[in-house]
Amino acid sequence: MDLYFMRHGIASPLGTSGIKSDRERPLTQKGLKRMRKAAKGLSSLGIRFGRILTSPSLRARQTAQLVAKELNMEEQLEEVKELSPEGSVQGLLSSLTSYRAQKQILLVGHEPLLSETISFLLSEGNNIRIGLKKGGLCYVEVDDLPPQKGALLHWMLTPKQLRLLSGS
């Protein structure tokens, strides 16, 4: 199973324009523009996802929607509460077992959950420090869920690299 981890784009700070909760934080104009380019870059890779799973938080949903629209995969988009900022690695991995039939899944969420999950998968529970920048993408292959052995890191793209792939 191929798991792709994408961190949401640049979001408005808490308290901006009456934003009262972390879940309500939208992408900024700069965040929207950069994520559109990143989605085009992702599209250029020719990857097709069986599912695009997103955190219910607004900034992650907006990021996932931009990607789904660019890939013409709006029907594959689904919210998963375990991708919320307060989610746990074990909770997320447990929820992913119901998607075993999917060969490729894109997970759109938050730090530190995404990097902690990648670290756990790669190191079989030992801690590896990984940093996923806003709009960044990481591709990891696992044998199964729950994984029986350490995952394989194929690549990790910075947001700038992903945008450069867009060709614009």
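None of these values were measured; they are calculated from a predicted model.
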(request) Take Glu79 and Arg61, measure what salt bridge (charged side-chain N to carboxylate O under 4.0 Å, His left out) needs, and give me the verdict at the end. (result) CA-CA 8 Å; Glu79 280 186 24; Arg61 278 195 339 264; 3.5 Å; yes
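- In the hydrophobic clustering of ILVMFWY residues, with side-chain heavy atoms under 4.5 Å counting as a link, Leu42 and Ile10 come out apart.
- No donor-acceptor pair under 3.5 Å is formed between the side chain of Ser94 and the backbone N or O of Gly91.
- Side-chain contact between Leu106 and Met6 is present, with heavy atoms from C-beta onward closer than 4.5 Å.
- Side-chain contact between Arg163 and Arg34 is present, with at least one heavy-atom pair separated by less than 4.5 Å.
- Inter-residue side-chain proximity for Ile52 and Met73 is flagged as met; some heavy-atom pair is nearer than 4.5 Å.
- In this structure, the side chain of Gln161 does not engage the main chain of Leu157 through any donor-acceptor pair within 3.5 Å.
- Atom NZ of Lys134 has more than 12 heavy atoms from other residues, nucleotides or ligands within 6.0 Å.
- If you chain together hydrophobic residues whose side chains sit under 4.5 Å apart, Leu93 and Leu152 never meet in one group.
- The backbone N or O of Glu141 lies less than 3.5 Å from no partner atom in the side chain of Asp2, so there is not a single donor-acceptor pair.
- Side chain to side chain, Tyr139 and Gln104 fail the donor-acceptor criterion of an N or O pair below 3.5 Å.
- The pair Asp144-Arg100 counts as a salt bridge, with a side-chain nitrogen and a carboxylate oxygen less than 4.0 angstrom apart.
- Annotation for Arg59 and Pro26: closest pair CB-C, 4.4 Å, computed over non-hydrogen atoms.
- The backbone N or O of Leu71 sits less than 3.5 Å from a side-chain atom of Arg48, completing a donor-acceptor pair.
- No side-chain heavy atom of His110 sits under 4.5 Å from any side-chain heavy atom of Leu83.
- A distance-only check finds no donor-acceptor pair linking the side chain of Thr54 to the backbone of Ala64 [under 3.5 Å].
- Between Pro85 and Asp22 there is a side-chain heavy-atom pair separated by less than 4.5 Å.
- What you find for Met156 and Gly131 is that their closest heavy atoms are CE-O, 3.2 Å.
- Contact check for Leu121 versus Ile118: no side-chain heavy atoms found under the 4.5 Å cut-off.
- Minimum heavy-atom separation, Gly135 to Leu162: O-CD2, 3.7 Å.
- The residues Glu111 and Arg7 are annotated as not salt-bridged, no charged nitrogen and carboxylate oxygen being separated by less than 4.0 angstrom.
- Under the 4.5 Å side-chain criterion, counting only non-hydrogen atoms from C-beta, Tyr4 is not in contact with Val67.
- Of all non-hydrogen atoms in Leu113 and Gly87, the two that sit nearest each other are CD1-O, 3.7 Å.
- Electrostatic pairing of Arg51 and Glu78 counts as a salt bridge here, judged by a charged N lying under 4.0 Å from a carboxylate O.
- Here the closest heavy-atom approach between residue Ala11 and residue Arg25 is recorded as CB-NH2, 3.6 Å.
- Residues Met35 and Ile47 share a single hydrophobic cluster, defined by chaining ILVMFWY side chains whose heavy atoms lie under 4.5 Å apart.
- Annotation for Ser55 and Gly109: closest pair CB-CA, 4.3 Å, computed over non-hydrogen atoms.
- For the residue pair Glu116 and Ser119, no side-chain donor N or O sits within less than 3.5 Å of a side-chain acceptor on the partner.
- The shortest distance between side-chain heavy atoms of Phe5 and Ile130 does not fall below 4.5 Å.
- No hydrogens or angles considered: nothing links the side chains of Ser57 and His8 as a donor-acceptor pair under 3.5 Å.
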(request) Determine, step by step, whether Arg23 and Glu86 satisfy the salt bridge (charged side-chain N to carboxylate O under 4.0 Å, His left out) criterion, reporting the C-alpha distance in whole Å, the side-chain angles of both residues, the deciding distance to 0.1 Å, and the verdict. (result) CA-CA 11 Å; Arg23 285 183 176 252; Glu86 61 276 358; 2.8 Å; yes
